[in-house]
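Heads up: the structure comes next, in structure tokens.
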Amino acid sequence: MMAQTFLETFYTQRTIFSANRALLKRQRGTVEALILAGLYDNLLGFGIKAAILAGFMIACHTTVSTFVLGLLGIGIIFLLGSGLGLCLAPFSAIKADVDKILTFLPWLLFGLTPIFAPAASAPGLSRLYDANPFTWLFDAVRAVAFGHAQTSVSTLVLCMVSLCLFPCAALTCRIARPHVVERFLD
Amino acid sequence: MSRLLLDVKNLSKRYCRDPKRAAGYAMRDILGDLCGRTVDPSLRAGEFWALRDVDFQVRAGEVVGLIGHNGAGKSTLVKIIGGVLRPTAGRVAVHTDRAVVMDHQGGLNPVQTGRENVANQLALYGTPSMEIPRAIDDIIAYAELEDFADATVGTYSLGMRLRLSLAIYSQVRPDILIVDEALNGGDIGFQNKFWRFLNEHVDHGGAILMASHELFLIQSMCARCLLIHEGRMHSEGSADEVIYTYTRLASPRDKQFVARSEPAASASGGAVRIEAVDIDVADGTIYPDDPVTVRVRCHSSEAIHPVLCGIEIGGGGVFPLASLIGGYDGPGYSLQSGSNEFTCRVDRLPLAAGTYQVRVTIVTRDSGIVLASTGRDGDAVTLEVHNRLDPESNMAAYRNNLVHIAARWEQSSVSGELAGRP
């Protein structure tokens with residue numbers, strides 16, 4: 001669910017320029033509207049996931065406080081995915097190569113997290129896991145949900161980065177819009 | 001003086017021809033903007049000025065035409081004014097929040113339905129959300145698209161899109177309407193509706209900046225006109241004057257095209273050689289209906305009888321447009337050994353403004369054997385007819401008319417009185 005949330009938000013915001021080129025080259029001031037539209041779209045998906053998560057948690061007799069913290073953790077991933085996607089959206093629209101790399105890279109990074117292969121069974125992979133920023137991201141989100149004391153600093157940093165990244169990235173897109181649109185002209 | 005709505009000062013815009021470099025420049029410019037660096041307004045490798053130092057103003061109640069050849073920079077200018085592009089240097093000040101750019105796509109989103117597009121556009125132009133549902137029905141009815149309101153705009157024809165966008169803008173009631181070739185693709189019904197809308201818009205104090213190749217529209221709507229040529233403001237003035245200048249600028253381009261289309265091969269050889277074709281006119285400039293004299297000088301190494309001298313004139317993709325054959329209605333001419341000259345006098349040249357090709361051929365009268373010809377292989381002879389500074393001539397030049405027919409018009413009233421018009 002963490003991976004899916006991240007990828008959905010990342011992809012939606014990363015493609016705001018390339019997916020809306022017809023509109024962007026004829027209208028000014030639509031970037032903010034497109035960002036918001038992407039957010040609402042992702043929130044809908046997030047809401048559906050939260051409902052499924054709630055069902056599992058009820059079945060597993062999870063406490064309400066844990067559920068809320070879990071949602072908060074996924075919320076951080078939501079903001080981080082959106083922020084990173086927005087940061088890279090102008091460059092993804094300008095260079096087709098960047099777009100292709102960014103379509104593939106997050107899947108590769110998620111494939112190299114301890115979720116898909118247990119770290120204990122492959123000692124060589126553990127170094128790779130440590131180098132993978134997504135491992136760190138997932139650990140921090142788990143820390144939010146389960147209150148692991150050893151990762152609380154990284155969790156705080158993650159929260160701060162996520163909160164700051166999104167508005168900064170939205171500003172980047174606003175500044176980059178005319179340059180990107182210039183590349184879209186027929 | 002009426003309210004200033006649009007103020008364009010020293011506007012310049014550079015583009016890059018090379019797509020690879022352009023992507024690199026775009027990334028560099030984005031990072032530069034993020035770091036707050038000021039733009040260096042000079043050309044980098046592979047770049048050119050699409051617009052350079054353009055200045056003009058538009059005030060309330062004015063209709064300003066914007067004309068220029070393809071690639072002159074009109075659409076770039078419209079996109080900068082519309083806020084879609086950012087200028088490299090200079091500034092655009094739009095002193096209203098109700099400025100609308102209407103292009104041939106109407107700014108509609110093809111994946112949304114007509115109804116959704118109307119709602120979005122109205123919201124974008126600040127219509128209160130309470131008023132939008134009622135306005136949607138009015139707009140759909142005005143556009144006469146009731147049966148297609150819930151179909152995606154991508155399935156609409158170009159004319160339907162234009163009707164819908166016109167209906168939206170009639171509801172938005174902008175202070176300044178910027179029209180970029182919006183009439184192209186619309187049927188006669190749409191054009192009449194659009195025409196009425198523009199007139200009503202101006203009557204209500206709105207301003208229009210109209211970029212178009214429809215010179216008839218420009219001439220009839222615009223009191224003032226701007227001519228953009230190779231990215232620069234070439235001239236500004238009354239529509240008649242600027243359209244006259246515009247059609248004059250087209251002449252050298254046509255001439256170059258005619259010259260390029262002629263293969264560079266040697267002229268005719270043999271017993272007869274055409275040495276010169278001179279087109280004489282009283283004051284050096286040929287206008288429609290002027291008297292013209294064409295003199296053909298040739299050299300023959302022997303006496304030949306009978307021969308014909310033919311002059312063919314063509315242009316605008318039609319060749320020959322006219323054939324003038326000397327000696328055909330009689331026994332023909334006799335070529336003497338040595339120099340000879342044929343003179344063809346046309347009392348009123350019935351050609352419209354433009355650049356024409358002239359071919360001269362000397363043939364034997366009986367068998368039609370070509371003795372010499374020119375204007376065909378490498379030595380193009382051109383006849384340039386200039387247009388007069390009047391609306392009719394401007395229109396004829398714009399329509400690429402080839403023939404000029406002098407006519408007198410008059411209107412009869414029902415009572416039988418005559419209201420003459422020269």
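Residue numbers begin at 1 in each chain, while the letters A, B, ... track the order of the sequences.
- Here the closest non-hydrogen pair linking B/Arg86 and A/Arg174 is NH2-O, 4.3 Å.
- Residue B/Arg173 places its CZ atom among 12 or fewer non-hydrogen atoms of other residues, nucleotides or ligands, all under 6.0 Å distant.
- Smallest separation of non-hydrogen atoms from B/Pro19 and A/Arg183: O-NH2, 3.5 Å.
- A/Phe56 CZ: 12 or fewer foreign heavy atoms inside a 6.0 Å radius.
- For the pair A/Pro178 and B/Leu85, the tightest heavy-atom approach, listed with the atom from each and the gap, is O-CD2, 4.1 Å.
- More than 12 heavy atoms of other residues, nucleotides or ligands sit less than 6.0 Å from atom CZ of B/Phe197.
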Practice item. Apply the test side chain to side chain contact (heavy atoms under 4.5 Å, CB included) to residues A/Glu182 and B/Tyr15: give CA-CA distance (whole Å), side-chain angles for both, the deciding distance (0.1 Å), then the verdict. Key: CA-CA 9 Å; A/Glu182 206 173 298; B/Tyr15 279 141; 3.6 Å; yes

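- Among the residues in residues 27-36 of chain B, those with a non-hydrogen atom closer than 4.5 angstrom to a non-hydrogen atom of chain A are B/Met27, B/Asp29, B/Ile30, B/Leu31, B/Asp33, B/Leu34.
- B/Lys79 touches chain A through its side chain: at least one heavy atom from C-beta onward sits under 4.5 Å away, while N, CA, C and O do not.
- Of all the heavy atoms in A/Leu24 and B/Val84, the pair that sits closest is O-CG1, 3.8 Å.
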